Amino acid sequence: MTNHEYDALWRAQGATVLCGVDEAGRGPLAGPVFAAAVVLNPDDPIEGLNDSKKLTEKKREALFVEICNRSLAWAVASASVEEIEAVNILNATYLAMSRAVEQVTKELTPSLVLIDGNRIPPQITLPCQYVVKGDALSATISAASVLAKVSRDRLLLEWDKEYPQYDFAKHKGYGTALHYERLKTYGPSPIHRMSFLKKWLESGK
């Protein structure tokens with residue numbers, strides 16, 4: 001079954017306006033967490049959609065343009081580092097997802113919201129269904145994963161210019177050996193998630 005066929009099953013059950021939601025950036029040591037919501041046009045299927053992590057950067061960028069141009073509705077939202085620190089990463093992810101869905105509903109109201117993962121954000125009051133590994137199963141969730149990842153990566157590239165000493169362009173904020181090496185040399189920046197660095201700081205490394 002293709003990811004478009006998977007979505008067609010939900011539409012056949014009455015979810016004619018199907019909205020896919022996914023996040024990007026839950027795991028990194030720095031920057032906001034992003035989420036996107038997308039309502040694809042079933043009469044204009046976009047080929048090549050997949051879990052954004054399985055696509056090349058070039059393919060993601062190309063799909064980003066197609067999704068924005070050919071979807072019935074789409075939105076990208078985020079939750080800041082300050083919000084992550086205040087309410088924890090899970091609740092901040094819920095915030096970003098609910099903000100993306102709220103923006104989409106200004107254009108049209110989804111019949112069903114498909115959420116990647118195994119939980120549903122409590123802020124979303126529309127009918128929802130979580131889908132484990134949804135970014136590989138559902139075309140609408142795949143599209144959302146692409147928008148969220150590309151949007152976040154673009155921000156990190158901008159921050160690489162502002163904080164060149166951390167090499168954000170290379171690791172996108174994830175906890176790679178290079179990133180920890182830069183942290184050891186320069187210490188945390190204003191965009192680092194201090195709660196994510198707590199154990200590392202305590203270890204004295």
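Values below: every heavy atom of this structure, side chains too, minus hydrogens, waters and symmetry copies. Fair warning: this is a prediction, and the values are worked out from it, not measured in the lab.
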inquiry  = So does V17 get a backbone contact from the side chain of S111, meaning a donor-acceptor N/O pair under 3.5 Å?
reply    = yes
remark   = So CG of L18 and CG of L72: to nearest 0.5 Å the spacing works out to 11.0 Å
ask   = Would R182 count as a cation-pi partner of Y163, with NZ or CZ less than 6.0 Å from the six-membered ring centre and within 45° of the ring normal?
value = no
request  = Examine the side chains of T93 and E23 and answer whether a donor and an acceptor come within less than 3.5 Å of each other.
outcome  = no
message = Are the side chains of K172 and P28 in contact, using a 4.5 Å heavy-atom criterion?
response = no
key: salt_bridge(R99, E83) N-O dist < 4.0 Å   = yes
Min side-chain heavy-atom separation S151-F64 under 4.5 Å = yes
inquiry  = If you apply the rule side-chain contact (heavy atoms from CB on, under 4.5 Å), what do you find for L49 with H4, and how did you get there?
reply    = CA-CA 9 Å; L49 290 171; H4 286 289; 4.2 Å; yes
key: For the student: nearest non-hydrogen atoms of A100 and A77, plus distance   = N-CB, 3.6 Å
key: Flag side-chain contact, heavy atom, 4.5 Å: P32 against R152   = no
query = Sub-3.5 Å donor-acceptor pair from the side chain of D160 to the main-chain atoms of L156, do we have one?
reply = no
query = Does the S145 side chain pair with the main chain of S52, one donor and one acceptor, at a distance under 3.5 Å?
reply = yes
message = Main chain of L63, side chain of E66: is a donor-acceptor contact present, judged purely on distance under 3.5 Å?
response = no
inquiry  = Please report the interatomic distance CG(L147) to OG(S142), rounded to the nearest 0.5 Å.
reply    = 11.0 Å
request  = Decide whether M194 and I89 are clustered together by the hydrophobic rule: side chain heavy atoms of Ile, Leu, Val, Met, Phe, Trp, Tyr closer than 4.5 Å, transitively.
outcome  = yes
message = Please check this pair: side chain of E85 against backbone of R193, looking for a donor-acceptor N/O pair closer than 3.5 Å.
response = no
ask   = Would F34 end up clustered with V150 when hydrophobic side chains under 4.5 Å apart are linked, directly or stepwise?
value = yes
ask   = Would a hydrophobic clustering, with Ile, Leu, Val, Met, Phe, Trp and Tyr connected at side-chain separations under 4.5 Å, put M97 with V76?
value = no
key: Side-chain donor or acceptor of S98 paired with backbone N/O of Y94 under 3.5 Å   = yes
inquiry  = For a 4.5 angstrom cut-off between non-hydrogen side-chain atoms, does T176 reach K170?
reply    = no
Minimum-distance pair of heavy atoms, taken over all atoms of A79 and L95 = CB-CB, 4.4 Å
Nearest atoms (heavy-atom pairs only) where A37 meets V21 = CB-CG2, 4.0 Å
inquiry  = Could you measure the distance from the CD atom of Q129 to the CD1 atom of I115? Nearest 0.5 Å is fine.
reply    = 10.0 Å
inquiry  = Do I67 and V146 make a side-chain contact, defined as non-hydrogen atoms from C-beta onward lying under 4.5 Å apart?
reply    = yes
key: Side-chain donor or acceptor of K199 paired with backbone N/O of F196 under 3.5 Å   = no
ask   = Got N88 and I84 here, is their nearest side-chain heavy-atom distance under 4.5 Å?
value = no
Shortest non-hydrogen contact between S189 and F168, atoms and distance = OG-CZ, 4.4 Å
ask   = How many angstroms lie between atom SG of C128 and atom CG of L114, to the nearest 0.5 angstrom?
value = 9.0 Å
key: S71 backbone acceptor or donor facing N41 side chain under 3.5 Å   = no
query = Between W74 (side chain) and C68 (backbone), is there a donor-acceptor pair under 3.5 Å?
reply = yes
inquiry  = Tell me whether I191 shares a hydrophobic cluster with V33, the cluster being built from Ile, Leu, Val, Met, Phe, Trp, Tyr side chains joined at under 4.5 Å.
reply    = yes
inquiry  = Would R60 and E57 count as a side-chain contact (heavy atoms from CB on, under 4.5 Å) here? Give the steps.
reply    = CA-CA 5 Å; R60 285 195 299 267; E57 184 176 355; 3.9 Å; yes
message = Working note: I46 + L40, criterion side-chain contact (heavy atoms from CB on, under 4.5 Å); need CA distance, chi angles, decisive distance, verdict.
response = CA-CA 8 Å; I46 298 171; L40 293 176; 4.1 Å; yes
key: Inter-residue atom distance Y166.OH - L178.CG, 0.5 Å rounding   = 12.5 Å
query = Is the number of heavy atoms from other residues, nucleotides or ligands under 6.0 Å of Y174 OH greater than 12?
reply = yes
query = Near Q103 CD, under 6.0 Å, is it more than 12 heavy atoms from other residues, nucleotides or ligands?
reply = yes
Heavy-atom side-chain proximity of H179 to H192 below 4.5 angstrom = yes
ask   = Hey, does N3 have a side-chain heavy atom less than 4.5 Å from the side chain of L137?
value = no
ask   = Any idea which heavy atoms bring A15 and L112 closest together, and the distance?
value = CB-CB, 3.6 Å
task = Could you tell me which non-hydrogen atom of V104 sits nearest to which non-hydrogen atom of P110, and how far apart they are?
result = CG1-CG, 4.3 Å
query = Does I141 offer a backbone N or O that forms a donor-acceptor pair with the side chain of S138 under 3.5 Å?
reply = yes
request  = Any chance you could measure Y6, atom OH, to M1, atom CE, to the nearest 0.5 Å?
outcome  = 8.5 Å
task = Sort and list the pairs that fulfil salt bridge (Lys or Arg N to Asp or Glu O under 4.0 Å) and have at least one residue in residues 25-54, not counting sequence neighbours.
result = D44-R70, D51-K53, K53-D135
task = Mind running side-chain contact (heavy atoms from CB on, under 4.5 Å) on L29 and W200 for me, showing each step along the way?
result = CA-CA 11 Å; L29 308 177; W200 177 78; over 6 Å; no
